[in-house]
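Scope of the values below: all heavy atoms of this structure, side chains included, with no hydrogens, waters or symmetry mates. Residue numbering restarts at 1 for every chain, and letters A, B, ... go by the order of the sequence lines. Because the structure is a prediction, the values reported are computed rather than measured.
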Amino acid sequence: MDKTYNPKTTEAEIYSLWEKGGYFTPKIDKTPPRLRLAKRGETGKKPFSIILPLPNANDPMHMGHAVFTIEDIMCRYHRMLGEPVLWLPGSDHAGIETQFVFEKKLKKEGKSRFDFDRQTLYRMIWNFVEENREINISQMKKLGFSMDWTRYHYSLEPEILKNVFTAFKKLYDDGLVYRKEKIVNYCTFCGTAFSELEVDHLEKDEFLYYLDYGPIQIATTRPETIFADVAVAVNPKDKRFTKIIGQKAIVPIINKEIPIISDELVEIDFGTGALKITPGHDATDFEIGQKHKLPAISCIDPSGKMINAIPELEGLFPKEAREKSIELLKNLGKLIKTEPLHHTVGFCYRCKNVIEPLLMPQWFVKIEPLAEPSIKAAEEGKVKFFPPRFKKQYLDWMNNIRDWNISRQIVWGPRIPAWYCLDCNPQIKINFLDKGKNFVFGTFAEIKDKYSFEEIKNGLQSLTAPVEAKFEIKENEKCPVCQSTRLIQETDTFDTWFLSGQWPLNTLGFNPENPSRSSEDFKYFYPTSVMDTLWDILFFWVARMIMFGLYLAGEVPFKTVHLHSRVVDKNGQKMSKSKSNVIDPLTMTEKYGTDALRMSLVFGIAPASDFVVSEEKIIAMRNFANKIWNASRFVISYLPPSLPDTPLTSHPHPDDRWILEELDKTVKVVTKQIETYHFGQAAETIYEFFWHSFCDKYIEMVKPRLSDPNALNTLYLILNTSLRLLHPFMPFITEKIWSLLPNQKEPLIISPWPEI
RNA sequence: GGGCUGUUAGCUCAGUUGGUUAGAGCGUUCGCUUGACAUGCGAAAGGUCACAGGUUCGAAUCCUGUAUAGCCCACCA
């Protein structure tokens, strides 16, 4: 053995040994449950399974991925317990995330998404993702992850899409999917609507403008939207205004008469106590408008420009329009006063621009019927949370959930499977590039005589169907109503989480058309054992998986949700490329070995908290790896080439008793710590025992007795047991040393976990 | 506005159900080419466990309050 451990040469060799041995692929025990009971204890161990939180396919590895080491520890531990273990890998097309990255790339090339028809753009992004997808896989192998690569899935596989469409159809047939015009969170820069979860509410210092509306004064932060006002509302309990309810207020600049109404949603103490109602640009106003049957007008369009206002403002962005409006109001003497206001504003989580609440038709999932069983499942403990405090967070969210907008106006993702007949719906608005790559916009009625259907379809960028448009959740050759063949699919794509919410079902071979005909894998591994992920996608993903699992399969997708820790830099900042504070996991494995990196991500870490990974810590763990190497080198050099099959453990030397007792205790404690998800402590326990008890004390003590077979026996026993305890954490070095032990029969990865 | 979490050695953090001298890594000091390891060995210094009350035979650990940091949720325009 070399004097120092060399991870570089060892790791590739060891990983291929595991892969070739097929140890990552579980052997499904098909003994029927009846017989399994009869033979309990012999065969029929319960399976252990984890679905990997699917990384974005275009995302190169970062420390966040390396934290999946936790999952590898669980899998390797259960594998050593003799359970059939499935760790299922995959990657996600990651809709908006990927398109955002791709658009940045386009921008560098001086182009934008508007320069391409949607099928061309889609193909370009597809190829971009394919270039990167393999990289991610090889990187995860470098980290020693014992994933079953034979069961790898990608979110855009045809089978998966088929299932997602079937699930969508089922939701629609059950009345749980609807298309409706509502105020949605629209980002005019990303060009798409978002769900509530994708809006960041950040504090901002702005101004509150008091405006003269004739008989009443109102206060607003958005004077540029007064052109879309349809009423002024006051609180019915507000005595100041009782007399003027029912009278007309006058919108300044345009001198439009609007009614003064009353509604409880208006805060008496805020501003003047009177709220201008702008249903086209505010969710509360929309709600009030609906209640009072008021019309909704838009003065900002989806491109973020002013419309339906006054000529001076037409085409301006709201920010400029606001300044101009204030000036106009001031000149007209309608601006009474301006005061600073500190409040929260919605921002696009992706591009950080202000979210524009806009009125538009979107596809929604009626969520309460899905949330209800999901709440029950958590309350009944069918899904457990670790740390337990996340159960409360989950329940709070589920109990206050709002309908889920699942449509995105982006290209990268599967289109919603709804088809419109253009002849039945001539008012559908269409954006497309004609043969000469010129941008054309208009309703179908306006353009149908100038362009062929084929030309429109091939150059299509997007379409917007009026809310009353008829559609079929099915691709027909002809319109069932008018027999037209000019059918066109919805251009809105699915929210990525709509697909990934069904991930555990679809990767395991669930059959949504006929659940009883789902695959063997599904029947065997579902529900999976643990879902381990970062808490930041608890609502986005974990909650959605639970809802879909219960709705489609009638069972939760996993029994335990384990929230792991987040890696931050020395200043407590999240690592990100833009902050250039990333420590690249692969650079670290190159320098210090994978085992050192893995251990540094686990050692002394508390769950669901931030932790700092520093190069110093990785070095410390590299030193530990070297310690393991050298202690083993020492022990092995004194061991005979073969050992008796039954070591003399029952009659240890009196001087060895204490270390054997400590070993025993270590096995017990580590096992318990792993079982209870205290991986950080488990790592510390073994470290402490191996280095400070075994190496520092016992080996030093036993040196004079090295010719005593009894001592060698103890050394062998401790080393052998320690390697098994260490293996889930530091799989490469332990497997390598294991192969150098005498009497070697099978690889460490499938050797039994030490018995308590 | 509501909720959650942290505050422990110079630094970064552990401490599972309250129980003997509060731990680790890194750093610091002193001494070591001691039969595997200087990526090492031995020894040492260093903490009123944020603060104030309370419960208890006993509190870093449980309760209340204060300060401070951070996170999540939220339709006061």
Side-chain angles (χ1 to χ4, degrees), chain A residues 1-5 183 196-197 199-201 206 208-209 218-223 225 232-233 235 265-278 281-288 341 343-346 357 387 389-390 392-393 395-397 400 402 535-536 538-539 565-566 568-572 574 592-593 596 599-600 603-638 669 672-673 675-678 680-685 687-688 691-692 695-696 699-700 703-704 706 715:
Chain A
M1 286 173 81
D2 293 337
K3 199 174 168 186
T4 52
Y5 169 60
I183 290 282
E196 308 295 334
L197 283 175
V199 181
D200 285 339
H201 299 274
E206 290 195 319
L208 188 60
Y209 304 95
I218 60 102
T220 182
T221 54
R222 303 207 60 188
T225 64
V232 169
N235 192 298
L265 286 176
V266 181
E267 296 281 332
I268 295 174
D269 299 331
F270 189 89
T272 63
L275 171 66
K276 75 183 191 72
I277 302 300
T278 320
H281 296 289
D282 183 277
T284 309
D285 292 9
F286 182 72
E287 194 186 325
I288 295 174
L341 180 71
H343 68 153
T344 53
V345 179
R389 67 184 138 96
F390 284 94
K392 184 176 157 54
Q393 248 190 54
L395 287 174
D396 284 350
W397 186 73
N400 296 300
R402 279 180 283 166
W535 74 87
D536 63 349
L538 182 64
F539 304 145
S565 311
R566 187 176 66 172
V568 294
D569 74 357
K570 283 178 184 168
N571 302 317
K574 191 177 175 175
Y592 307 110
M599 199 63 169
S600 73
F603 191 88
I605 301 298
S609 57
D610 288 353
F611 72 99
V612 179
V613 62
S614 57
E615 195 155 345
E616 289 77 16
K617 187 169 181 188
I618 301 170
I619 290 170
M621 295 303 141
R622 186 274 316 263
N623 295 351
F624 179 51
N626 196 55
K627 191 73 185 174
I628 298 169
W629 181 258
N630 273 296
S632 306
R633 190 159 69 98
F634 176 78
V635 173
I636 290 168
S637 70
Y638 282 94
V669 171
K672 193 190 167 193
Q673 286 168 332
E675 289 281 351
T676 54
Y677 306 104
H678 291 93
Q681 289 175 60
E684 282 191 82
T685 305
Y687 178 100
E688 184 65 23
W691 196 320
H692 299 303
C695 296
D696 291 351
I699 291 184
E700 291 308 320
K703 274 178 180 169
L706 285 171
L715 282 170

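What separates CG of A/Asn630 from C1' of B/U33 is a distance of 15 Å, to the nearest Å. Atom CE in A/Met621 sits roughly 12 Å away from atom P in B/G40 (whole-Å rounding). Atom-to-atom, CG of A/Leu538 to C1' of B/C4 comes out at 13 Å; the value is rounded to the nearest Å. Remark: P of B/C37 and CG of A/Asn623 are 15 Å apart, rounded to the nearest angstrom.
Across all strands, A/Ile183 comes closer than 4.0 Å to no nucleic acid atom at all (heavy-atom distances). Among the atoms of the strands shown, only primed sugar atoms or phosphate atoms (P, OP1, OP2) are found under 4.0 Å from some heavy atom of A/His692. Among the protein residues, A/Gln681 comes within range of the nucleic acid bases, having at least one heavy atom under 4.0 Å from a base atom. Nucleic acid contact for A/Phe603: sugar-phosphate only, since backbone atoms but no base atoms lie under 4.0 Å from a heavy atom of the residue.
In the set B/U39, B/C41, B/C26, the nucleotide with an atom closest to the side chain of A/Arg622 is B/U39. Among B/G35, B/C4, B/G25, the nucleotide with an atom closest to any side-chain atom of A/Tyr638 is B/G35. When each of B/U39, B/G25, B/A36 is scored by its nearest atom to the side-chain atoms of A/Thr4, the top-ranked nucleotide is B/U39.
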5' to 3', nucleotides 72-77 of chain B under a 4.0 Å protein heavy-atom cut-off (B base, S sugar-phosphate only, - none) gives -SBBBB

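Nearest heavy atom pair, residue A/Ile183 against residue A/His281, reads CD1-N, 3.8 Å.
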Here RNA chain B, pairs taken as Watson-Crick or G-U under 3.5 Å and shown with ( ), [ ] when crossing and | when to another strand, reads (((((((..((((.....[...)))).(((((.......))))).....(((((..]....))))))))))))....

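One donor-acceptor pair, N or O on each side, does fall under 3.5 Å between the base of B/A36 and the side chain of A/Glu700. For B/C37, its base sits under 3.5 Å from the side chain of A/Lys627 at one donor and acceptor pair at least.
The residue from A/Thr220, A/Val266, A/Leu265 that alone fulfils the side chain to side chain contact (heavy atoms under 4.5 Å, CB included) condition with A/Leu275 is A/Val266.
With A/Tyr687 as the aromatic partner, A/Lys627 does not meet the cation-pi criteria of under 6.0 angstrom to the ring centre and within 45 degrees of the ring axis.
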